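One structure is given here, and the rest of the page talks about it.
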Amino acid sequence: MRKIVIAGNWKMFKTQVESKEFLQGFLPTLEDTPSNREVVLCVPFTDLSILSNSLHGSRIQLGAQNIHWEKSGAYTGEISGAMLQEIGIRYVIVGHSERRQYFGETDETVNLRLKAAQNYGLTPILCVGETKQQRDAGETESLITTQVKTALVGVDQNNLVIAYEPIWAIGTGDTCEAKEANRVIGLIRSLLTNSNVSIQYGGSVKPDNVDEIMAQPEIDGALVGGASLEPASFARIVNYKVN
Ligand code: PGA
């Protein structure tokens, strides 16, 4: 059975005070959320431990936005699986396009980080996606295939979420058409040995397009940036409507 996973990616937004304010507004909106929807917040490192204390007993799972592959060591600015595991973190975003673009993440380092996450019992959310230029050049399928295949060498597909995030749709308001997202996600699924991996769509998911996106048969959830920062809009996304 494929699980529905709706995850917020706060990126580098929200201090501890702001994250607690968000929770006050957001938690009550989950009362009627169907229990088969996994709700995840991937927040900055400084927010993780404070939220982990306040979320005890709630249905929200916490996720980090990065993980290093070594247990410990001289890696300034990085964080280890043991550090995340100790405070009850369940998910971690790996290979987000912003990490690839600004911080030199490659398919090879993505692969190392995926395996590290699994070694510590975390579920990695592997992000893949093409640029506008690659799409226009007809390279979407080959690029996605390479990203998925290289990233997944030696990775356990029983503990994995994938997010298809076309880069041109991230933070631009320019959502990928739901049917097209469905098609690419179908392609990603065809590359997997486990057809039960949950595959999300990400890129300008908003309250007004989430119902159509989630109605697509291949799409198992959403990875949400901007619209996850405000309790009412993330609540509407988590509580998407099924026809
Ligand atoms: P967006 O970001 O929803 O603001 O487009 C999505 C993401 O980067 O994961």
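All ligand and atom numbering here is 1-based and tracks the order in the structure. All values derive from a computational prediction rather than experimental measurement.
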Point to revise | Short side-chain donor-acceptor distance under 3.5 Å, S97 and Q101 | key: no

**Study point:** Per-atom contacts of ligand 1 with G171, taking only distances under 4.0 Å to non-hydrogen atoms
**Key:** 1 (P), 4 (O), 5 (O)

Review point. Under 4.0 Å from any heavy atom of H96, which atoms of ligand 1 are there?
Key: 7 (C), 8 (O), 9 (O)

Review point. Where do V128 and Q147 come nearest, in terms of heavy atoms and distance?
Key: CB-OE1, 3.2 Å

Point to revise | W10 and F22 aromatic ring geometry - parallel, tilted or perpendicular at 30°/60° bounds | key: perpendicular

Revision key, fill the gap. With heavy atoms and a 4.0 Å threshold, my read on which part of I170 contacts ligand 1 is both

Point to revise | Min side-chain heavy-atom separation L191-T145 under 4.5 Å | key: yes

Check your understanding: Applying the salt bridge (charged side-chain N to carboxylate O under 4.0 Å, His left out) test to D220, which of R189, R37, K3 qualifies?
Key -> R189

Point to revise | Sub-4.0 Å atoms of ligand 1 with respect to non-hydrogen atoms of G203 | key: 5 (O)

Check your understanding: Is ligand 1 less than 4.0 angstrom away from at least one heavy atom of K206?
Key -> no

**Study point:** Where ligand 1 meets L223 - atom numbers and elements under 4.0 angstrom, heavy-atom basis
**Key:** 9 (O)

Check your understanding: Would you say ligand 1 has an N or O under 3.5 Å from any N or O of V224?
Key -> no

Exercise for review: Please report which non-hydrogen protein atom sits nearest to atom 4 (O) of ligand 1, along with the residue it belongs to and the distance in Å to one decimal place.
Suggested key: G226 N, 2.8 Å

Revision key, fill the gap. Ligand 1 to K11, heavy atom cutoff 4.0 Å, flagged ligand atoms 2 (O), 7 (C), 8 (O)

Check your understanding: For atom 3 (O) of ligand 1, which protein heavy atom lies nearest, and how many Å away is it?
Key -> G225 N, 2.8 Å

Practice item. May I ask you to decide whether E230 forms a salt bridge with R236, counting only side-chain N to carboxylate O separations under 4.0 Å? Key: no

Study note, to complete from the structure: salt bridge (charged side-chain N to carboxylate O under 4.0 Å, His left out) test vs D107 passes for just one of R113, R99, K149, R100, namely R100

Check your understanding: What do you reckon, does S204 put a non-hydrogen atom under 4.0 Å from ligand 1?
Key -> yes

Check your understanding: Relative to the heavy atoms of A169, which atoms of ligand 1 are at a distance of less than 4.0 Å?
Key -> 5 (O)

Check your understanding: Do ligand 1 and T172 have nitrogen or oxygen atoms that lie under 3.5 Å from each other?
Key -> no

Check your understanding: For the atom pair OG (S19) and CG (L229), what is the distance rounded to the nearest 0.5 Å?
Key -> 11.5 Å

Revision key, fill the gap. Residue, atom and distance of the protein heavy atom nearest atom 9 (O) of ligand 1 read E165 OE2, 2.7 Å

**Study point:** Side chain to side chain, W168 and E130, heavy atoms closer than 4.5 Å
**Key:** yes

